[in-house]
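All remarks here apply to the structure that follows.
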Amino acid sequence: MEAPTPAALAAFEQAWAAAASAGAGAVDRKKMFGMPAAFVNHNMFLGVFGDGVVLRCSAAVRERLLGEAGVGPFSPRPGRPWKEYVHASASDPAVLAALPDWAREARAHTATLPPKVPKSRKTKG
């Protein structure tokens, strides 16, 4: 897995700031695969991957975003797309301008999903 670019980390911070202050319910920030990610109800809605950010979107929003320059399907491994996510390039100025709104939409959509029950950690014995 490639390390995130400084531009991707900055884009995540921008999106996180917008999404964290919008909507009801607590959001959590933690790492997923060693990179910053944001969660609502234990479901990831925003993360960093390579040279951009990933957003969890409804089908209608995903279809709209996939028509935007700098946005594509998210496949962390070739041939293994995450169906509900898109990847937005942090090097595209139009993406950066729209990212706060997209992050708020991603949070709102993900908040409608059933809460994910965290797995219990096994104790060493």
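The chain is numbered in sequence order, starting from 1.
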Please step through side chain to side chain contact (heavy atoms under 4.5 Å, CB included) for the pair Trp102 and Leu65, ending with a clear verdict.
CA-CA 9 Å; Trp102 296 347; Leu65 293 183; 3.2 Å; yes

Treating His87 as the side-chain partner and Ser75 as the backbone partner, does any N or O pair qualify as donor plus acceptor under 3.5 Å?
no

Assess the residue pair Phe39 and Phe45 against the criterion (ring-ring contact (aromatic ring centres under 6.0 Å, His included)); give the C-alpha distance rounded to whole Å, side-chain angles, the decisive distance to 0.1 Å, and a yes or no.
CA-CA 6 Å; Phe39 297 78; Phe45 70 91; 8.0 Å; no

Listed by chain and number, what are the side-chain contact (heavy atoms from CB on, under 4.5 Å) partners of Ser58, not counting sequence neighbours?
Ala60, Val61, His109

All heavy atoms of Leu46 vs all of Ala15, minimum pair found to be CD2-CB, 3.8 Å

Please give me the minimum heavy-atom distance between Cys57 and Arg62, naming the atom from each residue.
O-NH1, 2.7 Å

Rounded to the nearest 0.5 Å, what separates atom CG in Leu99 from atom CH2 in Trp16?
13.5 Å

In one Ile/Leu/Val/Met/Phe/Trp/Tyr side-chain cluster, 4.5 Å: Val71, Leu96
no

What one should report as the nearest heavy-atom pair of Phe12 and Pro36 is CE2-CB, 3.6 Å

Please say whether more than 12 non-hydrogen atoms of neighbouring residues, nucleotides or ligands are located less than 6.0 Å from CD in Glu63.
no

Would Asn41 and Leu113 satisfy side chain to side chain contact (heavy atoms under 4.5 Å, CB included), going step by step from the backbone distance to the final call?
CA-CA 8 Å; Asn41 296 331; Leu113 301 174; over 6 Å; no

Side chain to side chain contact (heavy atoms under 4.5 Å, CB included) between Val48 and Leu9, worked out
CA-CA 7 Å; Val48 175; Leu9 293 171; 4.3 Å; yes

If you round to the nearest 0.5 Å, how far is OG of Ser89 from CG of Asp51?
5.0 Å

Closest contact, heavy atoms only, Ala8 versus Gly50:
CB-O, 3.4 Å

Using every non-hydrogen atom in the two residues, find where Arg107 and Ala19 come nearest and quote the distance to one decimal.
NH1-O, 2.6 Å

Which residues pass the ring-ring contact (aromatic ring centres under 6.0 Å, His included) test with Tyr85, not counting sequence neighbours?
Trp82

Residues Arg56 and Glu105 bridged, charged N to O under 4.0 Å:
no

Rounding to 0.5 Å, atoms CG (Asp92) and CD (Glu68) come to a distance of 9.0 Å

Taking side chain as C-beta onward, heavy atoms only, is His42 less than 4.5 Å from Val117?
no

Side-chain heavy-atom pair Leu66, Val86 within 4.5 angstrom cut-off
yes

Heavy-atom neighbours of Lys83 NZ exceed 12 at 6.0 Å
no

If you take all heavy atoms of Val95 and Ala69, which pair is closest and at what distance?
CG2-O, 3.5 Å

